[in-house]
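Naming convention: chains lettered A, B, ... in sequence-line order (proteins, then strands); numbering from 1 in each chain.
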Number of protein chains: 2
Amino acid sequence: MSAEPVSRRARPAKAPLSRAVIVRTGLRVLDREGLDALTMRRVAQVLDTGAASLYVYVKNRDDLLAAMLDEALGRVRFPAEGSWQERLQVLVANSIDAMSRHEGLALVALGGIPTGLNALLVMDRMLALLKEGGLDDTTAAWAVDLLYLHITVAGAEQAAYNTKKMNAADHIAEVRKLYADLPADRYPLLTSMGDALFSAGDRDRWAIQVLVNGILNTPADR
Amino acid sequence: MSAEPVSRRARPAKAPLSRAVIVRTGLRVLDREGLDALTMRRVAQVLDTGAASLYVYVKNRDDLLAAMLDEALGRVRFPAEGSWQERLQVLVANSIDAMSRHEGLALVALGGIPTGLNALLVMDRMLALLKEGGLDDTTAAWAVDLLYLHITVAGAEQAAYNTKKMNAADHIAEVRKLYADLPADRYPLLTSMGDALFSAGDRDRWAIQVLVNGILNTPADR
DNA sequence: ACCGTCTGACGAACAGTGTTCGTCACGATC
DNA sequence: GATCGTGACGAACACTGTTCGTCAGACGGT
């Protein structure tokens with residue numbers, strides 16, 4: 001019944017497994033087939049091996065996801081020009097962008113102090129910029145916390161927006177109708193402010209500005 | 001082989017199934033046994049029925065989670081006293097609190113415009129407070145977006161902090177050591193600012209203040 | 001050139017998961 | 001009293017992450 005063992009040599013030379021290629025393959029699968037398709041078996045299949053083989057280099061699926069997140073964060077570019085505020089805003093925007101390129105990855109970062117080497121590099125640079133802006137240590141530390149939190153959540157939201165949702169315009173129109181059809185006595189503003197609620201504009205850039213302005217005007221008092 | 005069918009009447013009168021009791025039972029299971037234990041089978045077991053029965057009232061697991069989230073948000077209290085800024089800050093804090101009471105629930109809200117009736121009520125109240133503060137429609141609309149985003153992510157973080165992590169103090173000490181042991185040339189600030197990074201203080205309240213202050217100082221220009 | 005040793009690849013299996021289907025008891029309706 | 005429709009539910013399906021034991025092949029010492 002069992003076929004004779006196929007020599008590995010019979011197949012075209014196969015690149016050896018390693019943590020790095022597993023992580024990169026994971027990102028490829030995530031980008032092309034979505035988060036649901038990112039199973040250990042699928043990643044192994046792409047690498048032409050069995051799922052069990054991955055566990056030599058990766059502790060478990062969460063470990064793989066965390067490594068993928070840090071790999072993605074490794075591609076964040078650090079701006080070199082402009083005032084410290086401009087550089088901070090661009091750095092935050094770049095980080096959100098890096099996360100939002102991969103569906104669901106940002107969610108991995110939530111609920112855990114960042115420990116990936118590339119995530120920590122982003123944090124260190126943000127701290128440097130805040131110190132350059134003259135903030136005291138405590139405020140800068142709290143600010144980095146808040147900014148990183150915003151990066152993850154904005155990344156998650158953008159990612160959900162970019163991928164998956166077949167037709168964003170249709171979906172928005174649907175929700176808009178839902179808002180308009182709400183009982184006006186219980187939801188007076190949602191029913192009447194439809195135009196503003198769904199207005200276009202660079203909300204992401206605005207949100208970052210809000211954070212930076214707020215940080216500058218709100219010292220951490222303790 | 002098959003046992004004789006046990007009449008339902010033989011058992012103590014069983015409360016009839018309904019969407020509401022399923023949602024409430026889901027919350028109970030989530031609170032007492034954690035997110036991993038929140039399976040359709042487990043919820044059904046608590047209700048003394050089979051998993052298939054739940055699907056009459058609930059489209060699928062995500063639908064159940066969304067309903068649980070909105071149920072949790074239904075318990076948010078709307079503050080009645082203080083200036084509009086104070087009321088807004090308390091409302092945001094209360095919402096974060098409501099979400100953080102249930103592990104992992106806040107994550108459900110991410111990546112999707114809120115459509116639950118109670119979530120929309122919170123949004124409407126926030127809009128009312130912002131309009132009371134004299135903001136124009138567009139800024140108020142964008143601000144509500146940002147505030148809701150912060151509520152979800154802060155709720156998720158707090159929830160991860162409250163539950164699960166066996167010993168928070170130990171974990172923090174561990175991460176702190178990790179930061180301190182980083183190469184100082186690549187991570188100059190993380191290695192030197194340990195005291196500030198892990199300083200105590202009411203960061204949650206501070207973050208809300210940052211957002212409100214930032215919103216007041218950053219008009220949405222378009 | 002041989003022979004152990006050891007690493008890593010991997011098939012099979014385990015214990016679950018969400019979800020669907022077909023059946024069948026029950027309460028209300030004619 | 002017969003009929004009907006609703007909802008409860010056992011069983012099954014197609015998956016999942018993870019572990020275990022096996023075993024081929026590379027490496028190092030003699």
Side-chain angles (χ1 to χ4, degrees), chain A residues 1-23 25-26 29-30 33-69 103-105 107-108 164, chain B residues 1-23 25-26 29-30 33-69 103-105 107-108 164:
Chain A
M1 215 265 248
S2 70
E4 76 259 53
V6 179
S7 161
R8 234 168 298 283
R9 231 171 276 281
R11 294 184 261 178
K14 184 162 115 177
L17 240 37
S18 75
R19 183 169 236 261
V21 326
I22 292 174
V23 169
T25 306
V29 172
L30 177 64
E33 310 179 35
L35 186 60
D36 286 347
L38 188 83
T39 68
M40 302 304 276
R41 281 175 173 84
R42 181 78 190 104
V43 173
Q45 192 184 68
V46 172
L47 288 167
D48 192 24
T49 183
S53 307
L54 307 182
Y55 286 84
V56 178
Y57 305 96
V58 148
K59 254 211 317 275
N60 50 38
R61 188 173 181 260
D62 283 347
D63 184 36
L64 171 58
L65 282 168
M68 287 167 56
L69 170 68
E103 176 199 351
L105 249 201
L107 296 178
V108 176
K164 187 83 165 297
Chain B
M1 227 262 239
S2 70
E4 78 260 50
V6 178
S7 162
R8 234 169 297 283
R9 231 173 273 281
R11 294 187 259 174
K14 184 163 115 176
L17 239 37
S18 77
R19 183 170 235 261
V21 326
I22 291 173
V23 169
T25 306
V29 171
L30 176 65
E33 309 178 34
L35 186 59
D36 287 347
L38 189 82
T39 68
M40 302 304 275
R41 283 175 171 83
R42 180 79 190 102
V43 173
Q45 192 185 67
V46 172
L47 288 168
D48 191 26
T49 183
S53 306
L54 306 182
Y55 285 83
V56 178
Y57 304 96
V58 149
K59 251 207 326 275
N60 51 37
R61 186 174 183 261
D62 282 348
D63 184 37
L64 172 58
L65 282 169
M68 285 166 57
L69 169 68
E103 177 199 349
L105 250 201
L107 296 178
V108 176
K164 188 86 165 295

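The main-chain N or O of Y57(A) is found under 3.5 Å from a side-chain atom of R19(A) such that the two form a donor-acceptor pair. In this structure, the side chain of E103(A) does not engage the main chain of G34(A) through any donor-acceptor pair within 3.5 Å.
Remark: Y55(A) is not in phosphate contact with dC10(C), judged by side-chain N or O atoms under 4.0 Å from OP1 or OP2.
Considering only side-chain atoms of M40(B), the nucleotide from dG17(D), dC10(C), dT19(C) that sits closest is dT19(C). Listed nucleotides: dA11(D), dA9(C), dC10(C). Nearest to the side chain of A52(A): dC10(C). For V56(A), taking side-chain heavy atoms from C-beta onward, the closest of the listed nucleotides dG8(C), dT18(D), dA11(D) is dG8(C). For S53(B), taking side-chain heavy atoms from C-beta onward, the closest of the listed nucleotides dA11(D), dA8(D), dT18(D) is dA8(D).
With hydrogens and angles ignored, no donor-acceptor pair under 3.5 angstrom links the side chain of R41(B) to the base of dG16(C).
Between R42(A) and G50(B), the residue whose closest nucleotide on DNA chain D is further toward the 5' end is G50(B).
L105(B) and L65(B) get closest at one heavy-atom pair: CD2-O, 3.7 Å.
Following rounding to the nearest Å, N60(B) (CG) and dA14(D) (P) show an atom-to-atom distance of 20 Å. Between the C1' atom of dG18(C) and the CG atom of D36(B) lies a distance of 15 Å, rounded to the nearest Å. At whole-Å resolution of the value, CG in D63(A) and P in dT19(D) are 12 Å apart. The distance from atom CD of Q45(B) to atom C1' of dG16(C) is 13 Å, rounded to the nearest whole Å. Separating the CG atom of D62(B) from the C1' atom of dG18(C) is a distance of 10 Å, rounded to the nearest angstrom. Residue D48(A) contributes atom CG, which lies 14 Å from atom C1' of dG11(C) at whole-angstrom precision. The nearest whole Å value for the distance from the CG atom in L47(A) to the P atom in dG8(C) is 16 Å. Taking atom CG of residue L54(A) and atom P of nucleotide dT16(D), one finds them 13 Å apart after rounding to whole Å.
Residue T39(A) is in sugar-phosphate contact alone, with no base atom involved, counting any heavy-atom pair closer than 4.0 Å across all strands shown.
To the nearest 0.5 Å, atom CG of residue L107(A) and atom CG of residue L69(A) are 10.0 Å apart.
Checking D63(B), V108(B), V29(B), L30(B) one by one against M68(B), the side-chain contact (heavy atoms from CB on, under 4.5 Å) holds for a single residue, L30(B).
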